[in-house]
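Accompanying notes for the structure given below.
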Amino acid sequence: MTHRYVMSVDQGTTSTRCILFDARGRLVSVVQREHQQHFPRPGWVEHDAAEIWRNLARLMPEALTQAGASAEQVVGLGIANQRETTVLWDRRTGAPIGRAVVWQDTRTDRVVEQLAREPGAKRVRELCGLPLATYFSAPKIRWMLDQTPGLQERAERGEVLFGTTESWLIWNLTGGLHITDVTNASRTMLMNLRTLSWDDELLEFFDIPRAMLPEIRSSTEVYGTTTTVVPGIRIAAALGDQQAALFGQTCFAPGEAKCTYGTGSFLLLNTGHTPVLSAHGMLTTVGFKIGDEPAVYALEGSIAVTGSLVQWFRDSLELIGTAPEIETLARTVRDNGGCYIVPAFSGLFAPHWHSEARGVIAGLTSYITKGHLARAVLEATGWQTREVVDAMNADSGLALSTLKVDGGMTANNLLMQIIADVLDVPVVRPMVAETVSLGAAYAAGLSVGYWPDLEGLRRNWHRAGQWLPTMPPPRRAAEYANWRQAVELTFGWMRPTEAARPTGTDIVDVILDDHRRIENLLRELRNDDADRAVVLLELTGQVEAHVAATERILHSPTDIDSDDLENAVLQHIREEESTLLNELRRTLSPSDRTALGRAFTAERGKHLSAQRSP
């Protein structure tokens, strides 16, 4: 008998994984690749969309090989993805336009501040269910269109396309199908929650061209068939990662909730077929839409920093060698010693929505050890969960009785006990902790008839662990009060008057940015896994535009006519940085350098646009 499988792709914040599941929801093969995190400036987080696609192109065949299976044995493919991360690409060439701007990125804080003062700002949340915040896609699209001269006009002509990462992957897998599903569309701030279509009023408010947007489809239907990598597989589902986890946890009925603990953490509560607008800082979002059935909505509480706080503790403070060691270290103390860590690295998400907040460590005394800090790291995830649950209970009129959990952090038993203690409800972990991938597989299998109905999926769900609350109520109340006081210390940290000068203005900064971009491409060219033809095309385009703008604006003749492109370019960069930039700093006033920077940017953009034109 030939076994048949469902393939699931989970394109996450730090990695992409590909999994094959059998009919009982068991993992048959698992392969994964991390992609590089780019932090070019404080608060900026970027991904290389081309790298993510290259990783997937390797993973899909690897997953089949590991299982000893062929493409013919795969009944369908489901994709889950990091949601608000924004990719722009050229319709004709298929090449990304710059790096993807990640959901954690806060560079659009000024854009959001300006939009909040515009007429119609109050209507945004009524229409899309989301507050004006740097978290979502629309401000990121607006920022990206503003950065490159002529990009807005190209987007209006449909030459530039937008998508979240599932759209980007489907485009590449099918050779040009440009779609998204309702769950991802509901995170852009551009979709009307009730009509489930792009909203004219929202498009006008953000000044985003409809021509660049993908077609909105349901979460479970056959969109098309793969034509590249592993041809012939039906792409049968797409969901944002947190909605996929809701589906994988089989939270199909109103009142059922899950929380996924990963880089960030996301608690979703099924509210049925009616969207519930929050009065307590929650997000109203689409939970899933099965084929032609009505959409199921959810309330969501998004916590920006949970697992990434453990990574910071490991990589930046170097107090542990591996992430699991934090549990061992935290168990060396009985409590937090009066210390609280509020990880507002990129502002605070639900229920506060303070983009200007920044993290604090409060309550430090000479008594505090690294064990207390480790405990405070874990408790930060617990207390942030408590804030979200309290707000969600108030919005829904329900009292959460059990929390289903999943994600990588659920392997930490102390953390699970802390969450049960601070919530005062049982915490339950399923057999398959990575329910994002399972949810994408369930949706795809349901779409193609591999699983007959939702009840069949429920029967696949099995409990692996449970934690019951043990903390005395007086202590819980006192600790929560201390936490809330620490949170208040983070508010108002970044002020508009203290913001740095906008990038791309001073000619010295502009040229240095060009140098960094070109050097990164040169490094990528030396990467054996890179698509050398694509990288070389982008590199030569960037060099030509830079040289042309330098000669046109600064009247500095340049010659890079050499067979050894890399050495010639690096020599050019060294000469500019040792002579030209020092001369500009010495002879020009800040206002003159700003004027030249704007002129240089416009000239460079003109040459880049000319290169992309047919």
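Keep in mind it's a predicted model, so treat the numbers as computed, not measured.
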request  = Evaluate whether atom CG of Asp292 has more than 12 neighbouring non-hydrogen atoms of other residues, nucleotides or ligands under 6.0 angstrom away.
outcome  = no

message = So which atom in Leu130 and which in Thr284 form the shortest heavy-atom distance, rounded to 0.1 Å?
response = CD2-O, 3.9 Å

Flag for Thr165-Gln82: side-chain donor and acceptor within less than 3.5 Å = no

inquiry  = Rounded at 0.5 Å granularity, tell me how far CD in Gln32 sits from CG in Asp10.
reply    = 8.5 Å

Closest non-hydrogen atom pair between Asn460 and Ala23, with its separation = ND2-O, 3.6 Å

query = To the nearest 0.5 Å, how far apart are CZ in Arg110 and OG1 in Thr134?
reply = 14.0 Å

inquiry  = For the backbone of Leu193 and the side chain of Tyr297, can you confirm whether one donor and one acceptor N or O come within less than 3.5 Å of each other?
reply    = yes

Distance flag, aromatic centroids of Phe252 and Phe247, threshold under 6.0 Å = yes

ask   = Is it true that the side chains of Gln152 and Glu156 contain a donor and an acceptor less than 3.5 Å apart?
value = yes

ask   = Of the non-hydrogen atoms in Asp146 and Arg142, which two are nearest, and what is the gap between them?
value = OD1-NH2, 2.8 Å

request  = Check whether the side chains of Thr16 and Gln11 place a donor and an acceptor atom closer than 3.5 Å, and report yes or no.
outcome  = yes

inquiry  = Is there a side-chain contact between Trp198 and Thr188 in this structure, where contact means two heavy atoms from C-beta onward sitting under 4.5 Å apart?
reply    = yes

query = Do His35 and Asp48 have side-chain heavy atoms sitting under 4.5 Å apart?
reply = no

request  = Please answer whether the main-chain N or O of Val388 pairs with a side-chain N or O of His280 as donor and acceptor at a distance below 3.5 Å.
outcome  = no

ask   = Within the side chain of Thr306, is there an N or O that forms a donor-acceptor pair under 3.5 Å with the backbone of Tyr261?
value = no

inquiry  = Any side-chain to backbone donor/acceptor pair from Thr164 onto Glu166? Under 3.5 Å, distance only.
reply    = no

message = How close do Ser8 and Phe21 get, counting heavy atoms only, and between which atoms?
response = CB-CE1, 3.9 Å

task = Could you tell me whether the side chains of Glu300 and Thr285 share a donor-acceptor contact shorter than 3.5 Å?
result = no

ask   = Do Val6 and Trp451 come close enough that some side-chain heavy atom pair is under 4.5 Å?
value = yes

message = If you define the side chain from C-beta out and look only at heavy atoms, does anything of Met212 sit under 4.5 Å from Leu88?
response = yes

ask   = Can you find a heavy atom in the side chain of Val87 that is under 4.5 Å from one in the side chain of His47?
value = no

message = Is it the case that the side chain of Ser447 and the backbone of Ala236 share a donor-acceptor pair, with hydrogens and angles ignored and the cut-off at 3.5 Å?
response = yes

request  = May I ask you to decide if Ala238's main-chain N or O and Tyr223's side chain share a donor-acceptor pair within less than 3.5 Å?
outcome  = yes

remark   = Given the options Glu538, Glu51, Glu46, Arg99 meets salt bridge (charged side-chain N to carboxylate O under 4.0 Å, His left out) only with Glu46

inquiry  = Looking at Arg58 and Arg54, would you say the former's side chain and the latter's main chain have a donor-acceptor pair under 3.5 Å?
reply    = yes

inquiry  = I'd like to know if the side chain of Gln66 and the backbone of Val30 have a donor-acceptor N/O pair within less than 3.5 Å.
reply    = yes

request  = Could you point out which residue of Pro275, Ser186, Ser218 forms a side chain to side chain contact (heavy atoms under 4.5 Å, CB included) with Val286?
outcome  = Ser186

From Leu268, Val405, Thr250, residue fulfilling side chain to side chain contact (heavy atoms under 4.5 Å, CB included) relative to Lys258 = Leu268

message = Looking at Asp513 and Arg41, is there a salt bridge between them, counting it only when a charged N and a carboxylate O are closer than 4.0 Å?
response = yes

query = Leu299 and Ser278: side chain to side chain contact (heavy atoms under 4.5 Å, CB included), yes or no, with the steps?
reply = CA-CA 8 Å; Leu299 280 172; Ser278 174; 4.2 Å; yes

key: Under 3.5 Å side-chain donor-acceptor pair for Asp181 and Ser219   = yes

query = At what distance, to the nearest 0.5 angstrom, does CD of Glu256 lie from CD of Gln249?
reply = 10.0 Å

ask   = Between Trp89 and His178, how do the two ring planes meet: parallel, tilted or perpendicular, split at 30° and 60°?
value = perpendicular

query = Is it true that Glu455 and Arg458 make a salt bridge, defined as a side-chain N closer than 4.0 Å to a carboxylate O?
reply = yes

query = Quick one: are Met392 and Asp395 in side-chain contact, heavy atoms under 4.5 Å?
reply = no

key: Exercise: do Gln37 and Thr14 side chains pair donor with acceptor under 3.5 Å   = no

note = Between Pro139 and Met189, the two heavy atoms sitting closest are CD-SD, 4.1 Å

query = Any chance the rings of Trp168 and Trp53 have centres within less than 6.0 Å?
reply = no

remark   = Paired with Asp105, the side chain to side chain contact (heavy atoms under 4.5 Å, CB included) test is passed by just one of Trp44, Tyr135, Trp143, Phe39, namely Trp44

query = What is the distance from atom CG of Leu202 to atom CD1 of Ile208, rounded to the nearest 0.5 Å?
reply = 9.5 Å

message = Between Thr86 and Glu84 (side chain of the first, backbone of the second, donor and acceptor by atom type, cut-off under 3.5 Å), is there such a pair?
response = yes

task = Report yes if some heavy atom in the side chain of Pro131 is under 4.5 Å from a heavy atom in the side chain of Leu283; otherwise report no.
result = yes

task = Using a 4.5 Å cut-off on heavy atoms from C-beta on, say whether the side chain of Leu239 contacts that of Val436.
result = no

ask   = Rounded to the nearest 0.5 Å, how far does OG1 of Thr260 lie from CE of Met409?
value = 12.0 Å

ask   = Just by distance, do the side chain of Gln147 and the backbone of Met144 share a donor-acceptor pair under 3.5 Å?
value = no

